[in-house]
Amino acid sequence: MDSNKNKNNLTPLMKQYYDIKNEHPDTLLLFQVGDFYELFFEDAIKASSNLGLALTHRGTDANGHPIPLCGVPTHVLDHYLIKLVKAGFKVAVCDQLETPKAGKIVKRGITQVLTPGTLTDLKLLDEKSASYLCTFFPTIENNILIFAELLTGQLFITSIEDNTSKSIESEILRFMPDEIVIPDTKEAKKYISTFKQFSNVTVESFDILTNNFDTKTTILQESKIWFKEQFDQENNNIDNLKNTDAFNYGLATFYKFLKRNNEKALNQIKTLSIYNQEDFLILDAATQKNLELIKNSKDGSSKNTLFSVLDQAVTPMGSRTIKKWITRPLIKKDLIEKRLDSVEFLTQNIIFKENIIKYIQKIGDIERTIGRIALSRAQLHDYILLAQALEFVPLIKQELSTHAIDNKLLSAIGSKISDFSQIHNLLLDSINTDTTTQRLIKKGFNQEIDRLRNLIEHGAQEIFKLEKKEQERTGINSLKIRYNGAYGYSIEVTKANLNSIPNDYIRTQTLTNKERFTTQELKDLEYDISRANNDIEEIEKEVFAQIKREVEKYLNHLKKLSYSLSYLDALISLSQVAYNNNYSRPEFNGQKEIVIENGRHPVIEFNLKEKFIPNSTTLNQEQTLWIITGPNMGGKSTYLRQVALVCIMAQIGSFVPAKNANLFILDRVFTRIGASDNLSEGKSTFLVEMEETALICNQATENSLVILDEVGRGTSTFDGLAIAQAVIEHIYNNIKARCLFATHYHELTELNKKFKDIVLYHAASTKSEGSIVLLHKILPGIAESSFGLEVAKLAQLPKGLINRAQEILDNLNNKNIKDNIY
Ligand SMILES: Nc1ncnc2c1ncn2[C@@H]1O[C@H](COP(=O)(O)OP(=O)(O)OP(=O)(O)O)[C@@H](O)[C@H]1O
């Protein structure tokens, strides 16, 4: 859209379009024209290719060029909005603000600006995922990350001193934000390509943060004032942060962005959590991907993920809580034990659990309903849902108090579920739940509304009653009250009866045989009837607003209620999963050991046709590092992942798929599994492998679990072998983390002779009728070989090819024996 130069050549509609678009140049502008929302110029081209809609042309621009155009019907706007916002566009919706009148350009204005991270409209949100807006501000000193969950009004802030993109990426992935806002500084822009792999990125201009010329105060100061007003800041962590540029500018960037795009949400952010990365178990980005915690690597959905197994919640808010728990496992023993106590209690008290499930199911996703109320986006429907939900709160409260619950967490949840009878009664008395009538307020709640409604419903009867009254008063039986489109209501009297009309009759019209009159009473009645429809709307709106204000007084309590209920739902979900799948309660006995008896992979055990073979693990002072060899397809990767998953599940507060598990509280879990390249960033498979290994070597501690699968595989045999051995030696000698290392380099098993705590395990196999049988059992010792050719046979490589490979292999083995390489 190049020029406003020749504005005089434009139609009034296009002039108006230019004016509005100029105020929102960074958005796709959907401009309402009657029954369509239309996009013009570049916006039309982008939208048509993203939405698969036809691109046409209409009229000419100021320079006489045809204007590209693409339109969507108004009744399907939401459908297209979701698509555009999910594709990462910022979208502004410009509505017609008045009924069009002939010959006059209709008034239009922006009614919504949507960006991926600022959505608060339920139709646009994924119900099983919390939606976060992230702001990232890096400086040489530290990096600030701000995550805002707008619907619940929560803000999470952390500072990361480590400047490697891997650390920052890991922390961002915990929240999986829908949008990451960064300043247009050189340091920040370095991260764009990394962030774009998993989120939408918006660059916010930085220079004007400090020079807001529109007001006397700068955005920096404004954001500080906002922060002070929103939060009760008795938080020690905040003082340290406040002195850093990253925090101050990061906050200003966040504030500026949200103020422009969803100011209401900005004012509803009331809960602050300043945390350290180390407050939760740290799962680096590769681990989150490799273990398929929330998203699978196949299609990015939650199918066959840990989340899909643990999520048996009956409400979406419960599912969202489970998701949060999975990405933020705990590291404080007492908190983990509290969750485990509750899960155990719930698995043992089935009737109690069933009752609670029944009620929570009826309550539904009250968290989002309350979120909408807080953001003033709630409609009648939301209040109906709230009223229905509150009916079950006393029942849950009763369950929680009457069962002698010997469980700290459940009792604490119970105490937060206050009695909302007052607000429940108010809603029951006032809100019209009969959605067929299109009325907001229930009969009997407000006298004036009832009177007007009566008038509308019984207008005809009122007129009839008046007619009777006038007949009796005048003694004229033929007197009629009639309605005429041009004159309205009037009393008709035949000319023969004119002598009997009272003095207060006002003549309005003379017909051949009749005269028409009105009276003050008829005028008032007519006025009331015609105004009733308008008035009732006004009064209903005002009464509804009063009810909303009353409900808003309880917002903080309601937020606590929804938090407690989603927590309860998530706990019940964990207990259901534990019960159904025969999981056991993990123990933390203070020893630095991971001893798992008959562990299983929580996801794979569901998908196998045959029975999953359980395997045990002992990583302790005597066995700190396992080198695992074994045939391809022998089950090594499954085993490695299962050990990591069992440890993570335990720190989520879940029971684990094992007969017994004695664990210790890990600070970090690292996994380097499989081949992944990052061609979009110009990184080869091997470079990615080495970057991930470097992160482990730099960040793992003796309290970490390190899972390494075939490190060194991506380069030449000797380079790979050398790197693999050096990595093992570093982890064993310097880091002292508990480690499982799977490899096809049999040479590495020699390390067991050098270091006594490095032990050898293998994925067992046997031969039957000349073919390999994979036992999927991890046993002490070394595998005979990798049986690569056997697996190739299983995969049905051509027979001739296999025979030739066997020849080559025999030659190589003979040579190795001669050269004594093994
Ligand atoms: N404990 C088990 N019980 C039953 N089946 C298993 C078990 N472990 C693995 N499997 C099956 O074997 C398949 C291959 O396992 P996995 O990928 O773990 O082997 P691998 O040893 O890592 O192979 P490669 O060295 O080729 O990567 C799995 O997809 C699963 O179907």
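Predicted, not measured: the structure shown is a model, and the values here were computed from it. All residue numbers refer to positions in the sequence shown, counting from 1. When a ligand or atom number is given, it counts from 1 through the structure's own listing order.
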K.L.:
Are the charged groups of R585 and D341 less than 4.0 angstrom apart, N to O?
P.N.:
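Counted as a salt bridge, because a side-chain N and a carboxylate O are separated by less than 4.0 Å.
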K.L.:
Students should be able to answer this: which protein heavy-atom is nearest to atom 31 (O) of ligand 1, and at what distance?
P.N.:
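The answer is L608 CD2, 3.4 Å.
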K.L.:
Among protein heavy atoms, which sits nearest to atom 11 (C) of ligand 1, and what does the distance come to when rounded to 0.1 Å?
P.N.:
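Nearest neighbour among protein heavy atoms for atom 11 (C) of ligand 1, to 0.1 Å: H776 NE2, 3.5 Å.
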K.L.:
Is atom 29 (O) of ligand 1 less than 4.0 angstrom from some protein heavy atom?
P.N.:
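For atom 29 (O) of ligand 1 the answer is no, since every protein heavy atom stays at 4.0 Å or beyond.
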K.L.:
Just checking, any donor-acceptor pair under 3.5 angstrom between side chains of N615 and H776?
P.N.:
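Short answer, no.
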K.L.:
Does H744 come within less than 4.0 angstrom of ligand 1, counting non-hydrogen atoms of the residue?
P.N.:
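Judged by the 4.0 Å heavy-atom criterion, H744 does count as contacting ligand 1.
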K.L.:
Among all protein heavy atoms, pick out the one at the shortest distance from atom 25 (O) of ligand 1; state its residue, atom name and that distance to 0.1 Å.
P.N.:
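The protein heavy atom lying closest is K636 NZ, 2.8 Å.
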K.L.:
Between N660 and E597, does any side-chain donor sit less than 3.5 Å from a side-chain acceptor?
P.N.:
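Note: N660 and E597 side chains meet the donor-acceptor criterion.
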K.L.:
Compute the shortest N/O to N/O distance between N632 and ligand 1 and return yes if it is under 3.5 Å, no if not.
P.N.:
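Yes: some nitrogen or oxygen of N632 is under 3.5 Å from one in ligand 1.
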K.L.:
Tell me the protein heavy atom at minimum distance from atom 24 (P) of ligand 1, and give that distance in Å.
P.N.:
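Protein heavy atom at minimum distance: M633 N, 3.6 Å.
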K.L.:
Run the salt-bridge test on E691 and R672 with the 4.0 Å N-O cut-off and return the result as yes or no.
P.N.:
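Result for this pair is no, no salt bridge flagged.
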K.L.:
Less than 6.0 angstrom from the centroid, inside 45 degrees of the normal: does K333 satisfy that with respect to the ring of F588?
P.N.:
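Judged by the rule (NZ or CZ under 6.0 Å from the ring centre, within 45° of its axis), K333 is not positioned above F588.
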K.L.:
With no hydrogens and no angle check, just 3.5 Å: does a side-chain donor-acceptor pair link D667 and S704?
P.N.:
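A donor-acceptor contact under 3.5 Å links the two side chains.
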K.L.:
With a 4.0 Å cut-off on heavy atoms, is E710 in contact with ligand 1?
P.N.:
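Judged by the 4.0 Å heavy-atom criterion, E710 does count as contacting ligand 1.
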K.L.:
Of the protein's non-hydrogen atoms, which lies at the shortest distance from atom 16 (P) of ligand 1, and what is that distance?
P.N.:
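It is T638 OG1, 3.5 Å.
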K.L.:
Heavy-atom contacts with P631 under 4.0 Å: which atoms of ligand 1 show up? List them by number with element.
P.N.:
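By the 4.0 Å cutoff, the relevant atoms are 21 (O).
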K.L.:
Short N/O distance, under 3.5 Å, between G634 and ligand 1?
P.N.:
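Between G634 and ligand 1 (N or O atoms, distance only) the closest approach is under 3.5 Å.
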K.L.:
Would you please classify the geometry between the F156 ring and the F175 ring as parallel, tilted or perpendicular, with 30° and 60° separating the classes?
P.N.:
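If you compare the ring of F175 with that of F156, the planes turn out tilted.
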K.L.:
Write out the residue and atom name of the closest protein heavy atom to atom 22 (O) of ligand 1, then the distance separating them to 0.1 Å.
P.N.:
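Ranking protein heavy atoms by distance from atom 22 (O) of ligand 1, first comes S637 OG, 2.6 Å.
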K.L.:
Does ligand 1 have an atom under 4.0 Å from some heavy atom of A742?
P.N.:
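No, A742 has no heavy atom closer than 4.0 Å to ligand 1.
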K.L.:
Could you find the nearest protein heavy atom to atom 19 (O) of ligand 1 and give me its residue, atom name and distance?
P.N.:
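For atom 19 (O) of ligand 1, the nearest protein heavy atom is G635 N, 3.0 Å.
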K.L.:
S308 side chain to K303 main-chain N or O, any donor-acceptor pair under 3.5 Å?
P.N.:
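A pair under 3.5 Å: no.
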K.L.:
Starting from atom 1 (N) of ligand 1, which protein heavy atom do you reach first, and at what distance in Å?
P.N.:
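The protein heavy atom lying closest is I613 O, 2.9 Å.
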K.L.:
Kindly say whether M317 contributes a backbone atom to a donor-acceptor pair with the side chain of T321 at under 3.5 angstrom?
P.N.:
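Here the side-chain-to-backbone pair exists.
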K.L.:
Report yes or no: is the cationic atom of K353 (NZ for Lys, CZ for Arg) under 6.0 Å from the centre of the six-membered ring of F345, at an angle within 45° of the ring normal?
P.N.:
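No; the conditions do not both hold, so K353 does not lie above the ring face of F345.
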